[in-house]
Amino acid sequence: MSDLVTITIDGVEVNVPKGTLVVDAAKRIGNDIPVFCYHPKMTPVGMCRMCLVEIGLPVRDRATGELLRNPDGTPQINFGRNLQTACTVQVSPGMVVRTNTPFVREGREAIIEFILSSHPLDCPICDKGGECPLQNLTMAHGKGDTRMEFTDKMKLAKHVPLGELIYLDRERCIQCGRCVRFQDEVVDDPVLQFHNRGRSLEIVTMSDPGFDSYWSGNTTDICPVGALTTADFRFGARPWELTPVATLSPHGPAGSNMTFSTRIEAAAGGRTVIKRIMPRQHELVNEIWISDRDRFVHHFADAPERLTQPLLRKNGSLIPVSWDEALEFVAQKLKGFDGTAVAGLSGDRMSNEDFFLFQKLIRQGLKSNHIDLANGRLAGGDVVAQVGVVNDTTYDLPQRLGVGDAVLVVACDLHEEEPVWWLRARQAAKRGATLVTLNARPTRLDREAAFAIHYAPGTAVETIRRLLNAAKVEVEQSDDPIVAAAQALVKANNLTIFYGAEGITYEESDAIARLLGNLLLVKNGGSGHVGRVNNGLIPVWPHNNTQGAWDMGIHPAFEPGYKPVKTPGRNATAVYAGVANGEIRALYLMGADPVGDGLMDGRGQLKLLVVQELFLTQTAALADVVLPAQSWAEREGTFTSGERRVQRYYPAITPVGECRPDWQILAQMGERLGLGKAPFAASLVFRDLAKVVKPYKGMDYRSLAQVAKQWPDVGGEDLYYGGTAYENRSGLGQQWPITPPKEPFAVPDVEVPVPQGLTLMRIAALYTPGTLNRHTKLLAARLAQPTLLLHPQDAYALALQDGEPVTVAVNSGNVQATLRISEDAPVGLALIRAIPYQPGTAVAHITRVAEFASS
Amino acid sequence: MTHILLRHRDIPGIHKLDVYRAHGGYQALQKALSEHTPDEVIQIVRDSSLRGRGGAGFPTGVKWSFIPKAPGDKYVIINTDESETGTFKDRELCEYNPHQVIEGALIAAYAIGAKTVYNYFRGEYMDAAHAFEEALQEAYAAGLIGQNILGSGFSVDFYCHYGAGAYICGEETALIKSLEGELGQPWSKPPFPAIEGLYGKPTVVNNTETLANVPPIIINGADWYKSMGTPQSPGPKIVCMSGHVEKPGNYEVEMGVTYRQLIEMAGGMRGGKKFKALLPSGGSGPVITEKALDAPLTYEGLTPFGSVMGSASVIVMDETVDMVWAAQKMTHFFKHESCGKCTPCREGTFWMEKVLHRIYEGHGSQKDVDTLQSVAQQIKGKTLCALGEFAVSPVLSTLAHFPQEYRAKLAK
């Protein structure tokens, strides 16, 4: 290939793409040039000077441009007078690099000595000790002695909170600026800065609250010393005591790869507990970044409020009983109901194994098709099965969206809903892709968007239909942003579409998924945007395994693998209606709290209510039987991401009490209902489901655990860049293939009541208070508070003031929120966040809380 | 001699536009705009062999020629940060002969196709900057800056920016960062400012004195310019004489005069004391001794003596000066001014100052002197920008020339 450049490093030839940095070229052949400030995910700055090497270039005759040669025919190489930083110099043909000469070794020794001259010797109590690049490089390149008088050393503050999540030890900081650059370049939250100069140079936070970013934890991973630590982990354990266990995010639909660091703890009664969560490298999923929600929200797994024993209602109260008694009770009771009177509703955080056995129990064990997600917000799983996105299959610098490509983001706020995807869309735009956002209100992604289109509430379907129609015809130029955006999308080499459910109903989202599917199918002179790498539809599901729930047939009309059901059952709404009017007599719930979510009005006329749960939720408190389930940290299983990547997670901590994994409870229940012997391992359930769920064919726990060499090579045992848990040794998962449709999707007509007057729309917040977030005390101050955003004009019309408490009608009740006057809210559209889910838009009923007096 | 740069010394009131114009002012601009293409202007400056007067001596015309020809935003920045110890030449130019600097900058802008010029003033230069701004206003009013200058269709805006008093902001990339409103820290080149400078656009950063040379070159031609000075270092140079001389101040000379002549020019050694050493380029150039006094003031003249002309801020020291004290003072300066971005400069200057202070106070040992020497050597050649290189020269040169003074201070 012509864009490869050959250089020689310590006598070894290496071919690398043009533009490669010397430091990366060396890494390719296993020559680890030591670095501190350099990180392959960020622009090089050449600050720490650790990577100094000798770089020589071939000498050319000035007049003729001919290479000058030595008498033996080898090209003459001119080495500069000084050492050069390997992290800032790009390769060029014929370059010769020396990394192991006395000159270079002296240079490294000098830099290590300088860095250590003001670094404290507190390794024995430092969180980074044992996985610290500075320790390693000191051992490899340091003098082993110091000439600095101890009295000359700087003494600086050691516990500087940069907000309540991250602490800075100013003595340990070596001013490499990785954290500052990460916040600025990678995640666009430039809340850290260097302050002052010279030896007084320090890291400061410039936000209120301090270090205000959803990504702050990542800076502690990339910090090459122990200067930045999380409040969650600092002084909590020594790295060598920790056992890494691979896991996945239990929150968002991106399927972020993570690693638990666990330890057996006396304080926990000898149980294995989670000490911290670190990202695990997956270049096609989350690269090496995770949001603070993924990092810190794990304490619910160890929460004292967890259910520990099966509970059976006796004489009106829930009494702990044995598993046998509870299972037997439920099985016998269930046998007494006709299939038409039984329903099963599930949450969407469970594993594929759980879902598969859940629908099997309801469909085959209880002969009912009344099966659905208890709180389904977004439709289109069946569309995604045909036009879902296709990932690259290479992990060595995979193909990413950039110049000539396009990203469309519809009806969602990726920054709040799935930050990893927000990052991906933003980075695509930064690399030159055309970003189009379509929503009822501005979102943060609009900053990077070439077209940010805001439609009136209730007109989402109509707007996307216009976009689709505009894409079908060739237009040279248009002043209509929808037409111009449609042209940019259809003409893009690659097109990835994200769609969510902000401000739209479930029915609308179904129509939107189909319209967007048709948009991907539009050829208009090109080849369409289906079935190729980086093309397709990504649903921004509300939770980590909504995709798996669809795949496994948690749907009244689809069996596993999207096989249509002959006589579709009731959807969740119809089930709740049946509960109220007595048509549904028995309800089996798994990981769902419809009463707490305001979807179901108590027990209604139910004769039997069974709940599988982690906590005694409002619904569980009303149940006849409560079956305690294990959290994701205690068991294994698979989740499927919105990109249809099936991935494994592994058991990390000692199970709480007598809790059992959901799939096991369901299998044991099934056994009692004549469904055959219960499988004894999740892997066997997966084996069974892979036989039935067509797209999963060929997958098993072994194939899902396969890994590949990933570049950049972050996180190996050499701790080259720091951040020990990055290496992915436990599986990259497998993306299931799509089968593109031959014909465009039929789009149902949707009745959308357009609210008159001031309209209310719920918007997402990453830290919405909820069952899981609430248990991470560390985030308490950052949990989003119910807030109503109102355009100044609307606030003026209602004579409301900024900061005023107001009451807002939400779902069927009232919520108290603080009013914020903000131009983030469009005129006529009130936005409310940190409240329970409310679909679509509604007429806004806002009332003043009388006592408020402005100060 | 008639001054070419410090013309206000010959022509009182030349800071006023009418006086400047009455003495040929802005005719170079007129000539450049009406008679030369931008490329021709660059060629004339190249032919004149004018070299950067900030100290590095890079050929100015060559620097201008690096700017891409493609249309787009480009910038000219006048570097009046002038923070080198003992340097005060740009201040005098901006305060008393501002129009010549403005005219030079406008010609530079025309040559490279810039539509905006910034003058970056050292924060302490309030008086000079105010005088300069007054001159700017006059020139704006007269149509010499702004839209369609002198009917040529060429338009330029001109702004003054006040730094916050950081030495490092005299380094061109740190200056650009500071001008952008960020922390003044240099970046590792490439990218060079000519390609990615201010706001990521092609930018020329020239020293104030350099630009003041441009109008007479345009008027009188390259050959006239080269008739002054030496072939490699042609033209006039302002020398800032300070320290132990009778008449400190700025002196405009032809390049090639010797340092001995410069001391004579400045009235000789103060109080008839004996010469000991001089700093040819403020704190950043290694000290020279008696042996080097007959070297010529050129970019190359002090090379055999291990030093540099730099910005020609000559600080003369007589026999009373304690060289350890001087080294300590200068090291303190560099430690104070280090931006802290790169490790060797940040840690090294801090360490050197601690050790030097101990030695100066009489508590040092031979081990301290060895450490000092070694630390300075360790900084050299490893820093991100030139400040680190400068920072070791007071230490290394005083250690080389006056080792006995260090020995005398060691604890008994």
Side-chain angles (χ1 to χ4, degrees), chain A residues 36-38 43-52 54 80-85 87-90 103-104 106-119 143 146-154 173-177 180 184 190 193-204, chain B residues 164-169 174 177-178 182-191 332-358 363-365 367-368 370-372 374-385 387-389 391:
Chain A
F36 288 115
C37 70
Y38 177 67
T43 321
V45 285
M47 288 163 67
C48 75
R49 317 303 286 176
M50 190 62 213
C51 65
L52 290 171
E54 283 187 77
R81 192 163 49 92
N82 288 335
L83 298 170
Q84 283 181 272
T85 43
C87 78
T88 57
V89 179
Q90 294 183 358
F103 192 22
V104 173
E106 267 168 40
R108 290 175 179 176
E109 206 176 85
I111 301 300
I112 287 284
E113 184 178 35
F114 280 136
I115 288 177
L116 294 180
S117 71
S118 15
H119 193 81
K143 278 191 174 132
T146 181
R147 296 181 294 167
M148 181 99 176
E149 299 274 336
F150 283 112
T151 48
D152 289 351
K153 268 188 165 281
M154 296 281 273
C173 178
I174 61 166
Q175 287 83 15
C176 73
V180 175
D184 182 24
Q193 257 304 347
F194 276 124
H195 176 64
N196 228 319
R197 71 178 184 223
R199 197 57 202 77
S200 305
L201 193 70
E202 59 174 320
I203 304 292
V204 293
Chain B
Y167 175 77
I168 190 60
C169 292
K177 280 283 151 209
S178 169
E182 295 192 26
L183 196 63
Q185 287 188 339
W187 72 69
S188 174
K189 294 184 269 193
H332 173 77
F333 172 80
F334 285 116
K335 176 232 155 190
H336 183 67
E337 296 295 347
S338 168
C339 81
K341 183 168 181 174
C342 78
T343 308
C345 177
R346 177 183 68 238
E347 307 292 346
T349 53
F350 175 79
W351 191 357
M352 284 197 304
E353 197 213 13
K354 288 273 185 190
V355 178
L356 254 175
H357 186 71
R358 188 157 52 235
H363 305 306
S365 62
K367 188 169 154 261
D368 281 324
D370 296 344
T371 303
L372 185 65
S374 156
V375 168
Q377 288 291 1
Q378 267 181 214
I379 299 172
K380 211 168 150 60
K382 297 186 187 65
T383 57
L384 191 149
C385 80
L387 188 144
E389 295 289 294

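So you know, we letter chains A, B, ... as the sequences are listed, proteins then strands, and number each from 1.
- Between chain A and the options B:P344, B:S188, B:S374, heavy-atom pairs under 4.5 Å are most frequent for B:P344.
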Quiz prompt | Candidate pair A:E149 and B:K367, rule side-chain contact (heavy atoms from CB on, under 4.5 Å), full reasoning | solution = CA-CA 11 Å; A:E149 299 274 336; B:K367 188 169 154 261; 4.0 Å; yes
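- Using modelled atom types and a 3.5 Å distance limit, the side chains of A:S118 and B:R346 yield no donor-acceptor pair.
- Top candidate by heavy-atom pairs under 4.5 Å with chain A, chosen from B:P186, B:S338, B:G348, is B:S338.
- Across A:M50, A:Q193, A:E113, A:H195, the residue that shares the most heavy-atom pairs under 4.5 angstrom with chain B is A:E113.
- In terms of heavy atoms, A:S117 sits closest to B:E347 at OG-OE1, 3.5 Å.
- Distance check: A:M47 CE to B:C339 SG gives 8.0 Å after rounding to the nearest 0.5 Å.
- Shown here for A:D152 and B:R358, the closest heavy-atom pair between the two residues is OD1-NH1, 3.0 Å.
- B:K189 NZ: more than 12 foreign heavy atoms inside a 6.0 Å radius.
- Across all their heavy atoms, A:V45 and B:L384 have their closest contact at O-CD1, 3.7 Å.
- Of the two parts of B:L183, only the side chain, counted from C-beta on, holds a non-hydrogen atom closer than 4.5 Å to a non-hydrogen atom of chain A.
- Heavy atoms closer than 4.5 Å to chain A are found nowhere in B:I168, neither backbone nor side chain.
- When every heavy atom of B:K341 is checked against every heavy atom of A:L201, the shortest pair comes out as N-CD2, 4.3 Å.
- When heavy atoms are compared at a cutoff of 4.5 Å, A:I115 approaches chain B by way of both its backbone and its side chain.
- Heavy atoms closer than 4.5 Å to chain A are found nowhere in B:T349, neither backbone nor side chain.
- Taking CZ of B:F350 as the start and CE of A:M148 as the end, the distance is 5.5 Å to the nearest 0.5 Å.
- Note: B:E337 leads B:K335, B:E337, B:E182 in heavy-atom pairs under 4.5 Å with chain A.
- Between chain B and the residues A:R81, A:E106, A:M154, the most heavy-atom pairs under 4.5 angstrom are made by A:M154.
- The distance from atom CZ of A:F194 to atom CD of B:Q185, rounded to the nearest 0.5 Å, is 6.0 Å.
- For B:H336, the parts lying under 4.5 angstrom from a heavy atom of chain A are both the backbone and the side chain.
- Most heavy-atom pairs under 4.5 Å with chain A: of the set B:T383, B:V355, B:V375, this distinction falls to B:T383.
- Rounding to the nearest 0.5 Å gives a distance of 11.0 Å between CZ of A:R147 and CG of B:D368.
- Taking each heavy atom of A:G107 and B:K382 in turn, the nearest pair found is CA-CE, 3.5 Å.
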